[in-house]
Amino acid sequence: MVTRFAPSPTGFLHIGNARTGLFSWLYARHHGGKALLRIEDTDKARSTREAIDVILDGLAWLGLDWDEQVHFQSEFEARHAEVAHDLIERGAAYRCYLTPEELKERREKAQAERRPFRLTSEWRDCTAAGPEGAPFVVRLKAPREGETAIDDLVQGRVAVANAEIDDFVLLRSDGSPTYMLAVVVDDHDMGVTHIIRGDDHLNNAFRQLAIIRAMGWPEPTYAHIPLIHGPDGAKLSKRHGALGVHDYRDLGFLPEALFNYLLRLGWGHGDDEIISREQAIAWFDLDHVGKSPSRFDLKKLESLNAHYIREADDGRLAELVAERLGGEVDLDLLVRAMPELKARAHDLGQLADGARFLFAQRPLEMDDGAAALLTPESRALLGAAHRALGKVSAWEHDELEKVVREVADEAGVKLGKLAQPLRAALTGRATSPGIFDVLALLGQGESLGRIADQMVEPNE
RNA sequence: GGCCCCAUCGUCUAGCGGUCCAGGACGUCGCCCUUUCACGGCGAAAACACGGGUUCGAGUCCCGUUGGGGUCACCA
């Protein structure tokens with residue numbers, strides 16, 4: 001059992017393609033078969049080293065690994081041409097000397113008469129040699145009678161009349177193979193048994209099958225997965241926002257969150273929502289892949305991400321946050337703060353944002369919410385707190401809570417009246433982790449300093 | 001337009017003829033917890049597109065309508 005994922009290097013790894021790759025990978029892993037990766041780099045202009053690396057990086061980030069070495073379609077070009085000529089010899093393909101202009105003319109004529117265009121090339125059954133030295137393409141002699149059917153693992157049985165399939169091009173006039181020929185040859189040569197891909201390729205399956213049958217090759221099993229749509233139901237495109245796997249990584253999503261989200265998009269396993277990589281491999285199948293396109297929902301991805309952030313190792317998160325914060329940060333402090341920080345972040349950006357106060361330089365800048373909390377009265381309260389906190393010898397959470405509560409009691413105010421100004425003074429914000437945790441994290445010297453920056457001496 | 005595919009809460013989905021006055025999750029809205037924000041807990045509103053069949057019985061099978069999508073290159 002061999003599957004393959006065959007992306008073309010377009011400069012980014014489309015989220016929809018990534019899901020197809022994930023399904024293809026999971027299917028192979030589930031059945032203990034081989035998962036192959038082939039880069040469709042026949043378009044020389046776009047297939048730069050960078051574009052290829054983007055795909056490789058993205059897949060690696062998601063944790064998808066591949067059997068054998070990575071294959072490149074461009075390496076097999078000679079083989080593609082060989083098969084095309086084999087097809088001509090078998091009488092299953094022919095040289096067509098129709099010019100692009102002639103083709104265009106016929107197409108436009110058909111369109112003007114509002115009838116579907118089906119090419120019937122006079123070269124199909126021509127036994128005479130073509131014009132001396134004239135350019136030609138090689139076309140498949142597609143069957144015209146009957147129908148072609150596939151038993152798709154996702155779509156079920158799908159049949160199409162052979163009259164719908166035209167004599168498509170196998171080899172261009174410059175001798176290069178078309179995608180249609182190349183995939184078929186590569187899949188066959190690589191021993192691919194299960195072709196799992198987007199259902200935008202469903203119509204191609206019939207054409208490809210025609211080549212396979214002409215060559216007498218074993219027919220692969222197909223599984224055409226519905227595409228991912230944007231929130232508005234239209235095909236996912238740039239105007240829907242982030243499209244590439246890298247975009248989501250940069251946005252602060254964890255790979256396991258995207259993995260889980262993509263897995264659940266178009267596939268389900270009962271009521272299970274949080275699914276680990278191991279469970280995914282154990283559970284994945286094709287009969288539970290839905291047949292209708294599913295819409296991309298950022299909110300659900302975010303909630304999954306929030307979940308995985310809470311689950312993630314503090315050290316790992318600290319490093320990711322440090323990267324985002326840039327400059328010198330105390331990794332140790334970050335790790336200690338992480339349990340408090342990660343409960344309130346949905347992505348790494350928010351996580352980094354929440355950690356910023358730890359490393360801020362005095363005097364702190366107050367945001368609007370914090371500034372509003374610092375009234376003359378609350379500044380006086382801070383003065384009282386400063387004095388009490390200055391005497392604390394055991395600078396830890398419980399002791400700090402006891403002291404702060406006493407200060408509030410003595411001043412005759414609720415804890416909140418003191419806690420909020422304290423938060424403002426200590427973090428420059430109106431929201432933060434628990435105030436006693438903040439004090440403990442910052443340490444006595446820094447805490448006292450930050451409070452002093454904002455307080456008013458009680459006796460002045 | 002031709003051909004092909006699809007159709008359960010706003011979204012992702014469970015459901016594979018009766019156990020469904022349709023279950024879970026995200027989102028939304030309440031309440032609780034609480035020093036803020038989160039987290040967590042509890043609860044609510046919210047769907048079988050429509051019309052015909054088949055069947056003792058249909059969200060589940062068939063047909064049609066409507067709506068959505070895909071595809072029609074010497075691109076992949």
Side-chain angles (χ1 to χ4, degrees), chain A residues 6-10 40-43 46 73 96 98-100 103-104 107 110-111 114-118 135-139 152 154-156 158-161 163-166 168-174 176-180 182-183 198-206 224 226-227 229 231 233-235 261 264-274 287-288 290-304 306 310 340-346 350 354 369-370 373 401 404-405 408 414-424 427 429-436:
Chain A
S8 51
T10 54
E40 310 260 282
D41 60 343
T42 43
D43 185 341
R46 287 195 295 185
Q73 187 154 67
C96 175
L98 253 26
T99 63
L103 246 27
K104 192 178 170 213
R107 207 171 326 231
Q111 200 165 37
R114 293 178 59 216
R115 59 181 167 78
F117 176 69
R118 285 283 116 63
F136 63 86
V137 298
V138 175
R139 290 182 185 277
D152 194 283
V154 170
Q155 306 289 338
V158 183
V160 90
E164 297 293 330
I165 302 168
D166 59 0
F168 56 94
V169 174
L170 262 20
L171 239 39
R172 302 189 186 92
S173 52
D174 66 358
S176 66
T178 59
Y179 162 80
M180 212 64 79
V183 253
D199 74 3
D200 49 339
H201 282 292
L202 184 56
N203 293 285
N204 288 337
F206 302 101
H224 288 93
L227 302 177
H229 286 175
K235 195 174 180 175
Y261 179 71
R264 281 286 290 100
L265 199 58
W267 178 83
H269 184 266
D271 285 341
D272 296 305
E273 296 288 347
I274 303 295
D287 7 285
H288 287 83
K291 296 170 87 172
S292 56
S294 33
R295 303 184 185 199
F296 192 85
D297 182 8
L298 192 61
K299 287 285 195 221
K300 187 136 185 179
L301 208 208
E302 281 172 351
S303 89
L304 239 17
R310 276 177 257 130
E340 285 298 315
L341 257 20
K342 69 184 185 181
R344 56 211 93 212
H346 287 184
Q350 291 174 6
L373 288 167
E401 170 159 10
V404 172
R405 282 187 188 277
K414 286 197 160 183
L415 181 56
K417 283 286 182 202
L418 174 56
Q420 280 300 83
L422 262 180
R423 185 186 320 279
T427 70
R429 309 203 171 181
T431 70
S432 80
I435 200 65
F436 311 120

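Here is how names work: the chains are called A, B, and so on, in the same order as the sequence lines, proteins then strands, and each is numbered from 1.
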Chemist: Want to settle it: does A/A345 or A/D174 sit nearer the 5' end of RNA chain B, counting the closest nucleotide to each?
Modeler: A/A345
Chemist: Checking the side chain of A/Y261 only, and the main-chain atoms of A/D297 only, is there a donor and an acceptor separated by less than 3.5 Å?
Modeler: yes
Chemist: May I ask which nucleotide in the shown strands pairs with B/G18, Watson-Crick or G-U wobble, both distances under 3.5 Å?
Modeler: B/C56
Chemist: How many angstroms lie between NZ in A/K300 and CD in A/E273, if you round to the nearest 0.5 Å?
Modeler: 4.0 Å
Chemist: Distances for protein N/O vs nucleotides 58-64 of chain B N/O pairs under 3.5 angstrom?
Modeler:
none

Chemist: Students often get this wrong, so: under 4.0 angstrom with heavy atoms, is A/D166 touching a base, only sugar-phosphate, or nothing?
Modeler: nothing
Chemist: Given atom CG of A/D200 and atom C1' of B/G69, what is their separation to the nearest angstrom?
Modeler: 11 Å
Chemist: Nearest whole Å is fine: how far is B/U36 P from A/L341 CG?
Modeler: 18 Å
Chemist: From CD of A/Q350 over to P of B/A38, roughly how many Å is that when rounded to an integer?
Modeler: 11 Å
Chemist: Could you measure the distance from the NE2 atom of A/H269 to the CZ atom of A/R264? Nearest 0.5 Å is fine.
Modeler: 11.0 Å
Chemist: Just to be sure I understand the rule, does A/P433 reach a base, reach only the sugar-phosphate, or reach nothing, if contact means heavy atoms closer than 4.0 Å?
Modeler: base
Chemist: Counting Watson-Crick and G-U wobble pairs only, both distances under 3.5 Å, name the nucleotide matched with B/C33, or none.
Modeler: none
Chemist: For a quick check, with a 4.0 angstrom heavy-atom cut-off, what is the B/S/- contact string for nucleotides 3-15 of chain B, read 5' to 3'?
Modeler: SSSSS---SBSSS
Chemist: Are there any protein N/O atoms within less than 3.5 Å of an N/O atom in nucleotides 39-41 of chain B, and if so, which ones and at what distance?
Modeler:
residue: B/C39; atom: O3'; partner: A/R310; partner atom: NH1; Å: 3.4
residue: B/G40; atom: OP1; partner: A/R310; partner atom: NH1; Å: 3.2

Chemist: In terms of the nearest nucleotide of RNA chain B, which residue is placed more toward the 5' end: A/Q73 or A/F436?
Modeler: A/F436
Chemist: Measure from the side-chain heavy atoms of A/L227 and tell me the nearest of B/C74, B/G70, B/G27.
Modeler: B/G70
Chemist: Judged by atom type as modelled, is there a donor-acceptor pair below 3.5 Å linking the side chain of A/R139 to the main-chain atoms of A/D166?
Modeler: no
Chemist: Given A/H224, which of A/D199, A/D152, A/D200, A/N203 fulfils the side chain to side chain donor-acceptor pair (under 3.5 Å) condition?
Modeler: A/D152
Chemist: Taking any heavy-atom pair under 4.0 Å as a contact, classify A/I165: base, sugar-phosphate, or nothing.
Modeler: nothing
Chemist: Could you go through the side chain to side chain contact (heavy atoms under 4.5 Å, CB included) check for A/F436 and A/V404 one step at a time?
Modeler: CA-CA 9 Å; A/F436 311 120; A/V404 172; 3.8 Å; yes
Chemist: Reckon A/S176 touches a base, only the sugar-phosphate, or nothing at all at heavy-atom distances under 4.0 Å?
Modeler: nothing
Chemist: Give the rounded distance in Å between these two atoms: CG of A/L373 and C1' of B/C37.
Modeler: 12 Å
Chemist: A/I435 CD1 to B/A38 P: how many Å, rounded?
Modeler: 16 Å
Chemist: Please report, rounded to the nearest Å, how far the P atom of B/U35 is from the NZ atom of A/K414.
Modeler: 9 Å
Chemist: Heavy atoms only, 4.0 Å cut-off, all strands: where does A/S173 land among base, sugar-phosphate and nothing?
Modeler: base
Chemist: With a 3.5 Å limit on both atom pairs, tell me what B/C3 is paired to, counting Watson-Crick and G-U wobble, or say none.
Modeler: B/G70
Chemist: Going by purine N1 to pyrimidine N3 plus the second Watson-Crick contact, or the G-U wobble pair, all under 3.5 Å, which nucleotide sits opposite B/U65?
Modeler: B/A49
Chemist: Under 3.5 Å, side chain of A/S432 to main-chain N/O of A/R423, donor-acceptor pair present?
Modeler: no
Chemist: Look at A/R107 and B/C72 and indicate whether a side-chain polar atom (N or O) is within less than 4.0 Å of OP1 or OP2.
Modeler: no
Chemist: Rounded to the nearest Å, what distance is computed from the CE atom of residue A/M180 to the P atom of nucleotide B/A73?
Modeler: 10 Å
Chemist: Which base, if any, makes a Watson-Crick or G-U wobble pair with B/A38, both distances under 3.5 Å?
Modeler: none
Chemist: Between the base of B/U35 and the side chain of A/R423, is there any donor-acceptor pair under 3.5 Å?
Modeler: yes
Chemist: Please state how far atom CG in A/L422 lies from atom C1' in B/C37, giving the value in whole angstrom units.
Modeler: 16 Å
